[in-house]
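Taking it in order: structure first as structure tokens, then the write-up.
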Amino acid sequence: MIAIHFEEKLDCHKLYQELTHYVQKYQPYGLGADIQVHDAGTLFVHYEDRHVSFYDSFHPLLASLLTDFVINSKEEEWLLSIIETMFYFTDHEEQYQILSIAKRILDGDIEDLPDIQLFFNRKEFIYQTFATNLEQETSFYYEPFLTFRLREYGELLIDCVEMAIDEYMLEQDYQHMLENYRQHLRNSPCKVSRVYVVHDQVFTLYDSQFRELTRDEILFYLEEDLIFEEGLDVQDMLISPLVSMVPAEVHLFTNEPENGLIASIQSIFEERLQLYPLKDQADKKCEPT
């Protein structure tokens, strides 16, 4: 018989309900178990070996169920605790924004981060920890088990939160940059009537006559205080020169309107921006200005 002792009776009853559901679901296939809950917060599980041995059937089911139970019932709570107590974010809105990023990292929804593969394996790590310690005759205390046996999982969550905070701060800086650029455009007189931008693998700037802007011309308009693309050659910059010109209109040609840089330009220039398919640039070149 397996005995799992809980400090939190609610956790005990939740696990009892989930385990009972799965036992009933697989009972027609020969899986049988007697599950009981005692008032003191102890879950008793007795596996009934009908056709298949404990380690071939019930053992992997219980380890998998406990793995999902930990993630679903504890992971968010632990992440929020790490965010507040270790990284001192006390504002609830900030906490939940960081939490949202951390959960996306854990779920593998942010792919361009270093060492991200570590987080994809957390289920396997928790599963193996339970599987290693579960025997047909065993008794353990749930909360101490989580504290001591899942220490590496806790360290992984700390690393995840740290990465999420870095992403959050970058996003805050990005949003601040966008708003500064919008304010600059609202408060500055237009320097040029129209700028054309052609996105064909790279971005190229053209004046109102659809003549490609030279490096010197871009430098002429470029305001040092507006540069955020540090380290790039001036002809590889896009947003800083565009904002520095304060154009009345921006006409952008692309076959990739979902491109991240284009999304930023849309957010900055708002109604000043018009998007076109890349093929339309030939027609625009022939239009009178």
Side-chain angles (χ1 to χ4, degrees), residues 1-27 31-50 52-87 95-96 98-100 102-103 105-108 118-162 164:
M1 179 177 292
I2 298 172
I4 308 175
H5 308 278
F6 291 84
E7 293 176 12
E8 297 289 337
K9 290 185 178 181
L10 182 60
D11 284 342
C12 182
H13 284 277
K14 283 182 178 178
L15 184 58
Y16 167 78
Q17 290 171 354
E18 290 192 23
L19 191 53
T20 300
H21 167 75
Y22 279 99
V23 168
Q24 291 174 347
K25 179 178 179 180
Y26 293 109
Q27 203 166 32
L31 182 70
D34 178 41
I35 307 166
Q36 298 178 12
V37 174
H38 284 206
D39 291 338
T42 302
L43 181 67
F44 291 99
V45 183
H46 176 66
Y47 176 67
E48 299 171 1
D49 188 356
R50 294 183 179 178
V52 187
S53 73
F54 170 79
Y55 292 100
D56 289 336
S57 59
F58 196 70
H59 180 267
L61 172 65
L62 184 57
S64 179
L65 191 63
L66 283 165
T67 297
D68 290 339
F69 187 72
V70 168
I71 290 174
N72 294 334
S73 66
K74 296 296 183 182
E75 189 168 82
E76 183 171 310
E77 173 189 333
W78 289 342
L79 287 168
L80 283 170
S81 177
I82 293 167
I83 292 167
E84 181 170 353
T85 61
M86 295 190 66
F87 294 96
Q95 287 178 352
Y96 279 94
I98 296 168
L99 174 66
S100 175
K103 290 169 75 172
I105 292 173
L106 288 167
D107 291 337
L118 290 172
F119 302 110
F120 298 168
N121 297 328
R122 79 192 193 284
K123 284 191 175 184
E124 178 64 19
F125 173 79
I126 300 170
Y127 176 88
Q128 290 300 334
T129 303
F130 278 116
T132 302
N133 290 276
L134 281 174
E135 302 290 343
Q136 193 162 359
E137 299 292 331
T138 189
S139 175
F140 66 93
Y141 290 84
Y142 182 70
E143 285 78 10
F145 183 94
L146 300 185
T147 300
F148 297 105
R149 298 289 184 178
L150 296 181
R151 189 183 302 274
E152 289 183 35
Y153 170 55
E155 292 171 355
L156 180 147
L157 293 183
I158 293 171
D159 291 341
C160 177
V161 167
E162 190 169 14

What's the separation between atom [atom1] in [X] and atom [atom2] in [Y], rounded to the nearest 0.5 Å?
| X | Y | atom1 | atom2 | answer |
| --- | --- | --- | --- | --- |
| Thr129 | Leu66 | OG1 | CG | 11.5 Å |
| Gln136 | Ile2 | CD | CD1 | 7.5 Å |
| Trp78 | Ile158 | CH2 | CD1 | 11.5 Å |
| Ile83 | Leu157 | CD1 | CG | 10.0 Å |
| Tyr96 | Lys103 | OH | NZ | 9.0 Å |
| Phe44 | His38 | CZ | NE2 | 4.5 Å |

Check: [Y] and [X] side chains under 4.5 Å, non-hydrogen atoms:
| X | Y | value |
| --- | --- | --- |
| Phe58 | Val45 | yes |
| Phe130 | Val70 | yes |
| Phe125 | Leu156 | no |
| Glu75 | Tyr153 | yes |

Of all heavy-atom pairs between [X] and [Y], which one has the smallest distance, and what is that distance?
| X | Y | answer |
| --- | --- | --- |
| Ser53 | Ser57 | O-OG, 2.9 Å |
| Pro144 | Glu7 | CD-OE2, 4.3 Å |
| Glu135 | Thr132 | OE2-O, 4.2 Å |
| Glu143 | His5 | OE1-O, 4.0 Å |
| Cys160 | Ala102 | SG-O, 3.4 Å |
| Asp11 | Phe69 | O-CZ, 3.4 Å |

So, [X] side chain and [Y] main chain: donor-acceptor pair closer than 3.5 Å or not?
| X | Y | answer |
| --- | --- | --- |
| His59 | Ala131 | yes |
| Lys9 | Asp39 | yes |
| Arg122 | Leu106 | yes |
| Ser64 | Pro60 | no |

- Message: Please evaluate residues Arg149 and Asn133 with respect to the criterion side chain to side chain contact (heavy atoms under 4.5 Å, CB included), reporting the C-alpha separation (whole Å), side-chain torsions for both, the decisive distance (0.1 Å), and the verdict.
- Response: CA-CA 9 Å; Arg149 298 289 184 178; Asn133 290 276; 3.5 Å; yes
- Between His13 and Tyr16, how do the two ring planes meet: parallel, tilted or perpendicular, split at 30° and 60°?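 Taking Tyr16 first and then His13, their aromatic rings stand perpendicular (interplane angle over 60°).
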- Task: For the residue pair Phe145 and Phe140, categorise the inter-ring angle as parallel (less than 30°), tilted (30 to 60°) or perpendicular (more than 60°).
- Result: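 Tilted.
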Kindly check if the number of other-residue, nucleotide or ligand heavy atoms within 6.0 Å of [atom1] ([X]) is above 12?
| X | atom1 | value |
| --- | --- | --- |
| Glu152 | CD | no |
| Met86 | CE | no |
| Lys14 | NZ | no |

- Decide yes or no on side chain to side chain contact (heavy atoms under 4.5 Å, CB included) for Tyr142 and Cys12, but give the supporting numbers first. CA-CA 9 Å; Tyr142 182 70; Cys12 182; over 6 Å; no
